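Here the structure comes first, spelled out in structure tokens, and everything after it is commentary.
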2 protein chains.
Amino acid sequence: MITIIGFGIRPKHMSLEALEVLKRADKVFLEAYTNVFPSSFVEELKRIIGTDDITLLKREALENNLDKFIEESRSKHVALLIQGDPMFATTHINIILECKKKGIPCKVLSGISIYNRILAVTGLQPYRFGRLVSIPLLSKNFMPSSPYLKIAENMRSNLHTLVLLEAVSDTEFLSINDAIDYLLKMESRFRMKVISDNRFAIGVARLDYDEGIIKCDKVLRLREIEFGSPPHALILLADCLHFLEAEALIELLSAPIEVKRLVK
Amino acid sequence: MITIIGFGIRPKHMSLEALEVLKRADKVFLEAYTNVFPSSFVEELKRIIGTDDITLLKREALENNLDKFIEESRSKHVALLIQGDPMFATTHINIILECKKKGIPCKVLSGISIYNRILAVTGLQPYRFGRLVSIPLLSKNFMPSSPYLKIAENMRSNLHTLVLLEAVSDTEFLSINDAIDYLLKMESRFRMKVISDNRFAIGVARLDYDEGIIKCDKVLRLREIEFGSPPHALILLADCLHFLEAEALIELLSAPIEVKRLVK
């Protein structure tokens, strides 16, 4: 059987249920591709589970050897550890469906996701978020407009957007600054009022890691900040805020008092 | 100091970090109002934490005695346990902000929410959900149109909606059936194509409890099901599904093969 386990953003977010399963599992894999996390996390996971035997999996390893991976679980109890909530990476549904087809039991233990943590550190309300959007690594030849257009839809409904930015390694990732540049570029093409220098946004780098940065300010100022290594995320604030949201941004994130003007 | 702790949907979802804090806390409160859960959960929490001393709090108790509650934490380490993710109930931001004002340290430990679990059990993709909507207890004199209108916006953007249904006790709650009736009533007034007998939806009762029911079918058929005690939730599926979503609904929830027609 396979148990797909989200351990949360940090190892300490792991659930009691997950730990119980991991201690009993015959083999523990740790997926090290949909997220970039410090190597200290691997050591911490080993210590918590009480094993040295955790096999790191890269994306290609899992996707190209899915059959082999699943076959191994026919006779063994395989645990696949994933940062955050496993269901935030759409690839894991493939494993679940393959197991179903092959008659291999497969269970998912949810983990605390970046979305859960964003709510806790910003005080923004879950009811005020539109659809989740992600922006892939961009280049001159690859600059899709769909992330911009999806944010535009949220904005039109006066909703915040949590924008996840792709990171494949410590050096190859989309930074908050790059994401802002991309959005400004799209803005000048589509003019759907998604972003301007004066739009309030939140730059989130390495949330819940030891040296994370989270900053709420106008886009103009966020662009000047050096956020450092990945993972990065960006929250675009809707045109209007609930008064408790404005207060929370000021109190919890030291946002400029100006955000109060967004309360209507 | 106060630590606001989401324990997840079931006690076993509790994080290692939360357990550590709870074992050290001087006083543990359990909020028993934003969610309705079986009394066995209280026993399980006591066993896990290793204490008999958990004080149950009702909504009024917390809201009317917020000052007293916060003052108690000036000299003691108070832990406030909440089902799910604390930030899904907007009331908790009040505690955080009051603490800030009074100079009392306050921290939030996130918990696995119904949204996390919904993704795991349905296989629906997080990128396909619009804003979260909740419907309060309704009566002849209280029938707001806003939940309907919010779902309509999601539907217009071809997004699913997770609809949380209010429950204040085992007998006083909005059932899936009542919610469907409400939406059909609103539909006949506004005609925004939110719901019809043939719309596919998912009825979710007591998710992750020992005897939960989760059923994906046409609204027409969901209306005939007796879902039993709360909490209930409803997921309205968008007009179109990703092909992996359709496959997941069939494989994981035994949805009718017909949902494949929604894949475009």
Side-chain angles (χ1 to χ4, degrees), chain A residues 4 6 8-20 48 85-90 92-94 96-97 100-101 107-113 115-134 150 153-154 156-157 159 208 242 244-245 247-248 251-252, chain B residues 4 6 8-20 48 85-90 92-94 96-97 100-101 107-113 115-134 150 153-154 156-157 159 208 242 244-245 247-248 251-252:
Chain A
I4 301 176
I9 302 301
R10 289 190 66 100
K12 268 191 181 178
H13 293 162
M14 188 189 291
S15 73
L16 303 178
E17 184 180 25
L19 181 57
E20 214 173 86
I48 288 173
D85 186 325
M87 304 309 285
F88 272 62
T90 45
H92 299 123
I93 190 70
N94 285 313
I96 302 171
L97 295 175
K100 263 278 175 186
K101 267 180 216 154
K107 206 180 158 182
V108 178
L109 305 188
S110 303
I112 289 163
S113 71
Y115 178 60
N116 296 106
R117 295 302 301 151
I118 283 290
L119 298 178
V121 297
T122 64
L124 294 172
Q125 299 178 357
Y127 300 92
R128 296 293 325 282
F129 277 85
R131 78 191 297 179
L132 183 66
V133 172
S134 64
K150 285 172 186 167
E153 265 190 81
N154 286 343
R156 210 162 42 216
S157 302
L159 297 170
D208 274 333
H242 186 278
L244 283 173
E245 290 185 315
E247 210 178 320
E251 292 297 335
L252 308 182
Chain B
I4 301 177
I9 302 302
R10 289 190 68 100
K12 270 192 180 177
H13 293 163
M14 188 188 291
S15 73
L16 303 178
E17 185 180 25
L19 182 57
E20 214 174 85
I48 288 173
D85 185 325
M87 303 310 284
F88 271 63
T90 46
H92 300 123
I93 191 70
N94 284 315
I96 302 171
L97 294 174
K100 264 276 174 189
K101 267 180 216 153
K107 208 180 157 181
V108 178
L109 304 189
S110 303
I112 289 164
S113 71
Y115 179 60
N116 296 106
R117 294 302 302 151
I118 282 289
L119 298 178
V121 296
T122 64
L124 293 172
Q125 300 179 357
Y127 300 92
R128 298 292 325 282
F129 277 85
R131 79 191 299 179
L132 183 68
V133 173
S134 65
K150 286 172 186 167
E153 265 189 82
N154 286 344
R156 210 159 44 214
S157 303
L159 297 170
D208 274 334
H242 185 279
L244 284 174
E245 291 184 315
E247 210 180 320
E251 291 297 334
L252 308 181

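Predicted model, so just to flag it, every value in this text is computed and none were measured. Just the heavy atoms: all of them, side chains too, but no hydrogens, waters or symmetry mates, feed the values below. Residue numbers start from 1 in every chain, and the chains themselves are labelled A, B, ... in the order their sequence lines are given, proteins ahead of strands.
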*Given that the side chain runs from C-beta out, which part of B/Lys101 has a heavy atom under 4.5 Å from chain A: side chain, backbone, both or neither?*
side chain
*Which of the residues A/Arg117, A/Gln125, A/Arg10 is involved in the greatest number of heavy-atom pairs with chain B at under 4.5 angstrom?*
A/Arg117
*Heavy-atom proximity to chain A below 4.5 Å, by part of B/Glu20*: side chain
*Checking B/Asn94 against chain A: side chain, backbone, both or neither under 4.5 Å from a heavy atom?*
side chain
_Side-chain donor/acceptor of B/Arg131 to backbone N/O of A/Arg128, under 3.5 Å_ = no
*Are A/Leu16 and B/Leu16 side-chain neighbours, meaning at least one heavy-atom pair lies under 4.5 Å?*
yes
*asked:* Quick check on B/Leu159 against chain A: is it the side chain, the backbone, both or neither that has a heavy atom closer than 4.5 Å?
replied: side chain
*Evaluate side-chain contact (heavy atoms from CB on, under 4.5 Å) for B/Ile93 paired with A/Glu247, printing each intermediate quantity in order.*
CA-CA 10 Å; B/Ile93 191 70; A/Glu247 210 178 320; over 6 Å; no
*Can you list the residues that meet the side chain to side chain donor-acceptor pair (under 3.5 Å) rule with A/Glu153, with sequence neighbours excluded?*
B/Ser157
*Is it the side chain or the backbone of B/Leu244 that comes within 4.5 Å of chain A heavy atoms, both, or neither?*
both
_Residue selection (most heavy-atom pairs with chain B, distance under 4.5 Å) from A/Val108, A/Ile48, A/Ile96_ = A/Val108
*Would you call A/Leu124 and A/His242 a side-chain contact if the rule is heavy atoms closer than 4.5 Å?*
no
*Heavy-atom pairs under 4.5 Å with chain B, option from A/Ala248, A/Pro126, A/Gly123 with the top count*: A/Pro126
*asked:* Is A/Asp85 in contact with chain B via its backbone, its side chain, both, or neither, using a 4.5 Å heavy-atom distance?
replied: side chain
*Name the region of B/Val121, side chain, backbone, both or neither, that has any atom closer than 4.5 Å to a heavy atom of chain A.*
neither
*Measuring from A/Ile118:CD1 to A/Asp208:CG, what's the distance to the nearest 0.5 Å?*
9.0 Å
*Which bit of B/Phe88 comes within less than 4.5 Å of chain A, counting heavy atoms only: side chain, backbone, both or neither?*
both
*asked:* Show, in sequence, the C-alpha distance, side-chain angles and deciding distance for A/Leu119 and B/Ser110, and conclude whether the side-chain contact (heavy atoms from CB on, under 4.5 Å) test is met.
replied: CA-CA 9 Å; A/Leu119 298 178; B/Ser110 303; over 6 Å; no
*Taking all atoms of both residues into account, what is the closest heavy-atom pair of A/Ser15 and B/His13, and its distance?*
CB-O, 3.4 Å
